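Inspection log for the structure reproduced underneath, given as structure tokens.
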Amino acid sequence: MEPAYASTSLIEIRDLHRTYCRPDGTVLVAALRDINLTIARGQYVCIMGQSGSGKSTLMNIIGCLDRPTEGRYLLEGEDIANMDDTLLSAIRGRRIGFIFQSFNLIPELTVLENVEVPLFYRGVQKAERRSKAKAVLERVDLSDRLDHRPNQLSGGQQQRVAIARALVGDPSLLLADEPTGNLDTATGDRILKLLDELHAEGRTIMMITHDEAMADRSERVVRLRDGEIESDTAPFATLTHE
Ligand SMILES: Nc1ncnc2c1ncn2[C@@H]1O[C@H](COP(=O)(O)OP(=O)(O)O)[C@@H](O)[C@H]1O
Ligand SMILES: [Mg+2]
């Protein structure tokens with residue numbers, strides 16, 4: 001028999017709207033309109049669309065940095081829309097691993113310390129933090145750089161540290177916003193290969209990109225246009241419907 005959670009999608013978004021309003025309450029921008037999206041565990045989804053189409057707004061909601069104006073967002077069956085900030089930030093810390101275009105490492109900390117940060121905020125004891133951080137740094141092939149500072153690393157190495165930091169808390173979802181945007185093509189390809197491997201190991205990945213080449217690589221492509229889903233396709237026909 002399947003365990004009970006297997007029937008729950010990782011992400012379920014129903015009739016979601018996000019509107020940015022002026023201080024007087026009038027609508028400034030309808031950034032997301034009538035979004036419906038179901039993402040199963042283990043999928044690798046690309047969110048694509050032109051600048052201003054709503055990608056970051058959607059990513060902020062999925063990453064629990066923001067809430068919908070209307071509609072439902074269930075993350076592992078839990079409704080995010082009505083959670084207060086404290087609960088939302090706790091959910092974010094435990095379930096989402098963020099990877100940014102600009103790496104966002106802390107310059108004063110070593111590689112090892114940067115990767116320990118998410119565990120520190122969870123109150124994990126030092127010895128356990130160290131051993132978990134070392135393990136994920138080994139996974140991204142940086143065991144020989146533990147005591148370096150970010151500015152002593154190449155861009156590709158910095159992004160691998162950021163990926164290790166995203167992985168260290170064993171999140172349900174890896175959320176990557178233009179992760180190769182600051183890297184040259186060859187280095188970017190190595191990062192994409194690492195993400196492919198993590199997906200093959202069972203990680204659920206959502207990547208925001210405007211790089212059309214990515215569309216060939218991902219098993220599912222969701223295209224946004226003017227705040228709406230324009231298309232949702234599975235190029236490799238591996239999309240499982242639940
Ligand atoms: N904080 C905000 N306040 C008002 N409008 C915003 C805000 N953030 C984004 N927008 C607007 O919402 C729309 C979608 O933006 P965004 O989600 O950043 O798109 P993308 O990431 O695809 O470029 C754009 O028209 C943008 O100008
Ligand atoms: Mg954006």
Side-chain angles (χ1 to χ4, degrees), residues 10-39 43-75 80-85 88-89 91-92 95-105 155 158-159 162-163 165-166 171 173-185 188 191-192 195 204-233 235:
L10 180 69
I11 286 172
E12 263 194 73
I13 289 176
R14 291 288 163 262
D15 307 321
L16 181 145
H17 294 250
R18 175 66 168 99
T19 308
Y20 295 111
C21 292
R22 295 192 186 84
D24 68 4
T26 57
V27 172
L28 182 61
V29 183
L32 292 174
R33 290 178 288 161
D34 206 21
I35 301 292
N36 285 281
L37 195 61
T38 302
I39 296 172
Q43 277 200 327
Y44 190 160
V45 184
C46 252
I47 307 287
M48 304 194 67
Q50 291 183 343
S51 180
S53 58
K55 302 185 299 297
S56 294
T57 302
L58 182 61
M59 169 155 169
N60 288 342
I61 290 173
I62 288 177
C64 301
L65 292 158
D66 186 22
R67 294 185 197 78
T69 312
E70 244 184 82
R72 284 170 30 110
Y73 168 30
L74 304 183
L75 175 60
I80 300 301
N82 301 318
M83 285 186 183
D84 65 26
D85 288 349
L88 202 61
S89 107
I91 296 251
R92 181 167 68 236
R95 305 207 183 164
I96 313 283
F98 290 94
I99 303 165
F100 301 97
Q101 176 172 356
S102 49
F103 321 134
N104 292 12
L105 300 173
Q158 289 183 58
Q159 193 58 302
I163 291 172
R165 181 184 55 188
L173 175 69
L174 282 179
L175 204 45
D177 192 359
E178 301 276 2
T180 62
N182 277 344
L183 303 172
D184 63 70
T185 307
I191 294 296
L192 294 179
L195 293 175
T204 312
I205 302 178
M206 177 175 271
M207 179 181 312
I208 313 270
T209 180
H210 62 256
D211 178 2
E212 283 296 329
M214 273 306 302
D216 301 330
R217 177 159 206 145
S218 151
E219 63 182 353
R220 181 174 176 192
V221 179
V222 175
R223 284 179 195 276
L224 292 177
R225 186 189 175 91
D226 295 336
E228 291 181 289
I229 293 182
E230 179 185 40
S231 65
D232 183 352
T233 54

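Start at 1 and go down the list; that is how both ligands and their atoms are numbered. Quick caveat: nothing in here was measured; it's all calculated off a predicted structure.
Only the backbone of Q50 comes within contact range of ligand 1, with a heavy atom under 4.0 Å; no side-chain atom does.
Looking at residues two or more places apart in sequence or on another chain, you find a side chain to side chain contact (heavy atoms under 4.5 Å, CB included) between A81 and P68, D79. Every residue two or more places apart in sequence or in another chain that forms a side chain to side chain donor-acceptor pair (under 3.5 Å) with S102 is listed here: N104.
Taking every non-hydrogen atom of K55 and a distance limit under 4.0 Å, the qualifying atoms of ligand 1 come out as 17 (O), 19 (O), 20 (P), 21 (O), 22 (O), 23 (O). For ligand 1 and S51, the ligand atoms under 4.0 Å from any heavy atom of the residue are 23 (O).
At distances below 3.5 Å, not a single donor-acceptor pair connects side-chain atoms of D177 with backbone N or O atoms of F100. At distances below 3.5 Å, at least one donor-acceptor pair connects side-chain atoms of R22 with backbone N or O atoms of V27. Listed for the S218 side chain is a donor-acceptor partner under 3.5 Å among the backbone atoms of Y44.
Counting heavy atoms of neighbouring residues, nucleotides and ligands inside a 6.0 Å radius, atom CD of Q50 does not exceed 12 of them. Enclosure of atom CZ in R14 by more than 12 non-hydrogen atoms of other residues, nucleotides or ligands within 6.0 angstrom is indicated.
Sorted by first then second residue, the side chain to side chain donor-acceptor pair (under 3.5 Å) pairs that include residues 64-73, not counting sequence neighbours, are R18-D66, R67-D85.
Nearest non-hydrogen protein atom to atom 17 (O) of ligand 1 is T57 OG1, 2.6 Å. Nearest protein neighbour of atom 14 (C) of ligand 1, counting heavy atoms only, is G52 O, 3.4 Å. Closest to atom 18 (O) of ligand 1, if we only count protein heavy atoms, is S56 CB, 3.7 Å. Nearest non-hydrogen protein atom to atom 10 (N) of ligand 1 is Y20 CE1, 3.4 Å. At the shortest separation from atom 19 (O) of ligand 1 among protein heavy atoms lies G54 N, 3.2 Å. Nearest non-hydrogen protein atom to atom 27 (O) of ligand 1 is V29 CG2, 4.9 Å.
Screening Q101, H210, K55 for a side-chain hydrogen bond (donor to acceptor under 3.5 Å, both in side chains) with E178, the sole residue that qualifies is H210. Test L37, L74, L75 against I11 for side chain to side chain contact (heavy atoms under 4.5 Å, CB included) and you get one pass: L75.
Looking at T26 and D24, their side chains do bring a donor and an acceptor atom within 3.5 Å of each other.
Looking only at protein N/O/S atoms, the ones less than 2.8 Å from the Mg ion (ligand 2) make 1 in total.
Distances from atom 21 (O) of ligand 1 to the protein include at least one heavy-atom value under 4.0 Å.
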